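Reading through the structure tokens given below for one structure.
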Amino acid sequence: MSSSDPVMNRLDCFKRSDGLRETRVSEESTLTQLLKESPFQQLFDLSCTRLERTAGEVEIAMRYTASVERSPGTRQYHGGAIASLIDIAGDYALWAVLGYGVPTMNIRIDYLRPASDTNLRAQARVRRAGRTVGVVDIDVLDDEGRLVAIGRGTYGTKEG
């Protein structure tokens, strides 16, 4: 199946009986490669550490770099970097289920503690992948497994 999306053209795609495209993505390295292709996402050092397509779950790691600092030298993450991690993880959780990228409709974030001098992990789980709307819950944890932020993203799931 051919697609106008160059990312999808490189992946093993097939059309399901319900008309949706599905992508056979079994390796975290494939998603890590995709994370590094977006100019915006290149601002962050992102990698996929877990991908469970059938469960609609992904884990994306963000390695600490100076580009995510709130203020120079603080080693504290800017809230916008954490928000981006949440949105990206939510989007890719639905992408893993649907086989195509989806636009963000809304995102809500509760910041629970400052993230300082640590790497972060966003654990995203699809709650619903409906015909027009998808909902994903995302937890962000630090190196010690402490909850830093909780997010919920709502995404448009209609292809095209």
Side-chain angles (χ1 to χ4, degrees), residues 5 7-8 10-13 16 18 20-65 67-68 76-116 118-159:
D5 184 346
V7 170
M8 296 308 292
R10 288 197 322 269
L11 302 173
D12 181 14
C13 297
R16 297 184 341 193
D18 59 5
L20 292 177
R21 269 186 304 177
E22 188 165 336
T23 308
R24 292 184 179 111
V25 179
S26 59
E27 295 184 23
E28 291 81 1
S29 61
T30 302
L31 183 49
T32 294
Q33 179 184 349
L34 296 176
L35 289 166
K36 296 190 183 305
E37 290 183 356
S38 162
F40 176 72
Q41 291 171 184
Q42 289 173 9
L43 296 171
F44 313 108
D45 190 358
L46 301 174
S47 61
C48 178
T49 53
R50 189 170 62 84
L51 173 60
E52 299 288 338
R53 277 188 56 252
T54 54
E57 296 179 0
V58 298
E59 181 177 272
I60 296 179
M62 178 187 280
R63 199 171 63 82
Y64 173 81
T65 64
S67 66
V68 299
Q76 290 181 339
Y77 279 82
H78 187 284
I82 296 170
S84 294
L85 174 62
I86 287 170
D87 187 30
I88 291 165
D91 179 67
Y92 277 106
L94 274 167
W95 172 85
V97 170
L98 300 173
Y100 51 89
V102 295
T104 305
M105 294 170 57
N106 192 23
I107 191 164
R108 174 188 161 77
I109 300 161
D110 292 315
Y111 297 97
L112 305 176
R113 70 168 19 103
S116 301
T118 185
N119 297 317
L120 297 177
R121 290 177 293 128
Q123 298 174 335
R125 181 174 55 120
V126 174
R127 299 292 301 225
R128 181 177 195 279
R131 197 171 39 84
T132 58
V133 175
V135 177
V136 183
D137 287 333
I138 306 101
D139 290 344
V140 177
L141 301 118
D142 64 13
D143 281 337
E144 295 179 28
R146 296 179 300 184
L147 202 53
V148 170
I150 298 170
R152 172 169 276 184
T154 306
Y155 303 86
T157 57
K158 205 167 189 172
E159 187 175 12

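For clarity, every value in this text was computed on a predicted model and none was experimentally measured.
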Heavy-atom nearest pair, Arg128 first then Leu94, reads O-CD2, 4.3 Å

Do any N or O atoms from the side chain of Thr132 and from the backbone of Lys158 form a donor-acceptor pair under 3.5 angstrom?
no

Got more than 12 heavy atoms from elsewhere within 6.0 Å of CZ, Arg131?
no

Here the pair of heavy atoms bringing Ala93 nearest to Gly56 is CB-O, 4.0 Å

CD (Gln76) and CD1 (Ile82) are apart, to the nearest 0.5 Å, by 9.5 Å

CZ of Arg108 to CG of Asp110, rounded to nearest 0.5 Å, is 4.0 Å

To the nearest 0.5 Å, atom OH of Tyr77 lies from atom CG of Asp142 at 9.5 Å

Taking every heavy atom of Leu51 against every heavy atom of Val58, the minimum-distance pair comes out as CD1-CG1, 3.4 Å

dist Gln123:CD -> Glu59:CD (nearest 0.5 Å) comes out at 4.5 Å

Exercise. Is a donor on one side and an acceptor on the other found under 3.5 Å between the side chain of Asn119 and the backbone of Tyr64?
Worked result: yes

Q. Can you find a heavy atom in the side chain of Phe40 that is under 4.5 Å from one in the side chain of Ser84?
A. yes

Check whether Asp91 reaches the backbone of Val102 with its side chain - one donor and one acceptor, N or O, closer than 3.5 Å. yes

*Are Leu85 and Phe44 close enough, and set up right, to give a side chain to side chain contact (heavy atoms under 4.5 Å, CB included), and what steps lead you there?*
CA-CA 9 Å; Leu85 174 62; Phe44 313 108; over 6 Å; no

d(Leu98 CG, Arg53 CZ) to nearest 0.5 Å is 10.5 Å

In terms of heavy-atom contacts, Ala115 and Leu120 come closest through CB-CD2, 4.0 Å

Met62 and Ala81 have their tightest heavy-atom pair at CE-O, 3.5 Å

When you check the side-chain N and O atoms of Asp87 and Thr104, is any donor under 3.5 Å from an acceptor?
yes

What one should report as the nearest heavy-atom pair of Trp95 and Gly101 is CD1-N, 3.5 Å

One should read off an interatomic distance between Leu141 CG and Leu112 CG, to the nearest 0.5 angstrom, of 10.0 Å

Problem - Exam field: side chain Thr157 to backbone Ala129, donor-acceptor pair closer than 3.5 Å - result: no

